[in-house]
J.: 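Below: one structure in structure tokens.
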Amino acid sequence: MSGESAEPMVWTDERIEQLKELWAEGLTTGEIGKRLGVSKNAVVGKAHRLGLKGRPSPIKRTKAPRQTPAAPKEKEQKIRSVVDLSAHTCRWPIGDPREPGFHFCGAPTIANKPYCAEHAAIAYVGASSPKSPPPRDEDAA
DNA sequence: CCCTGATTCGC
DNA sequence: GCGAATCAGG
């Protein structure tokens, strides 16, 4: 008949007291964790939150190694589209036109060529007739 | 390899 | 706020 609800793993004053007590005794997080039936992480986590300080283990971590590098935020797109090309911008295609991220070189061109110095050398490789600019792998579409 | 504690991140 | 995960040192 007792309306005893299941303990939702909540740190009650009692448990917190035990935690502080055992912690003050000099027990380690692992010991306290075993005593209270929680993981040492839970103990150290609660201890840290409670404001308890660990005298031992003056371990110092470098900086913020824990970072989520998976945060691709589109803030600025420096991709040159075909409409951004002018008479003095290299029209050398970068990547495959059918692929996303395809763009043009955009570097300053030389003479009256539609390409920059580097790409012009590739385009007009010694021959009288200009070769195909992009080294297409295959056009099996 | 075992332990310790500290910080960060997801729920 | 809680704890696991991760990191850092002994």
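Below, chain A is the first sequence line, B the second, and so on; all start at residue 1. Just so it is clear, the values below take in all heavy atoms, side chains as well, and ignore hydrogens, waters and symmetry mates.
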J.: Sequence neighbours left out, what passes side-chain contact (heavy atoms from CB on, under 4.5 Å) with A:T28? Give chain and number order.
T.: A:E31

J.: With the side chain of A:V44 defined as its heavy atoms from C-beta on, choose the nearest nucleotide among B:dA6, C:dA4, C:dC2.
T.: B:dA6

J.: Whole angstrom is fine here: how far is it from CG in A:N41 over to C1' in B:dA6?
T.: 10 Å

J.: Measure CD1/A:I32 against P/B:dC3 and give the value in whole Å, please.
T.: 16 Å

J.: To the nearest Å, how far apart are A:K40 NZ and C:dA8 C1'?
T.: 11 Å

J.: Can you tell me which nucleotide in C:dA4, C:dG3, B:dT7 comes closest to the side chain of A:W11?
T.: C:dG3

J.: Name the closest nucleotide to the A:K46 side chain, picking from B:dA6, C:dG1, C:dA4.
T.: C:dG1

J.: Assign the ring pair A:H119 / A:W92 to parallel, tilted or perpendicular, where the plane angle (0 to 90°) is split at 30° and 60°.
T.: parallel

J.: Can you name the side-chain contact (heavy atoms from CB on, under 4.5 Å) partners of A:A42, sequence neighbours left out?
T.: A:V38

J.: Could you state the atom-to-atom distance from CG of A:D13 to P of C:dG1 in whole Å?
T.: 14 Å

J.: Between A:H48 (NE2) and C:dG1 (P), how many Å, whole number?
T.: 14 Å

J.: Report the distance from atom CG of A:L27 to atom C1' of B:dC3, rounded to the nearest whole Å.
T.: 15 Å

J.: Could you state the NZ-C1' distance from A:K34 to B:dC2, rounded to the nearest angstrom?
T.: 11 Å

J.: From the set C:dG3, B:dA6, B:dT4, return the single nucleotide nearest to any side-chain atom of A:T28.
T.: B:dT4

J.: Could you report the tightest heavy-atom contact between A:C90 and A:F104, atom names first, then the distance?
T.: O-CB, 4.0 Å

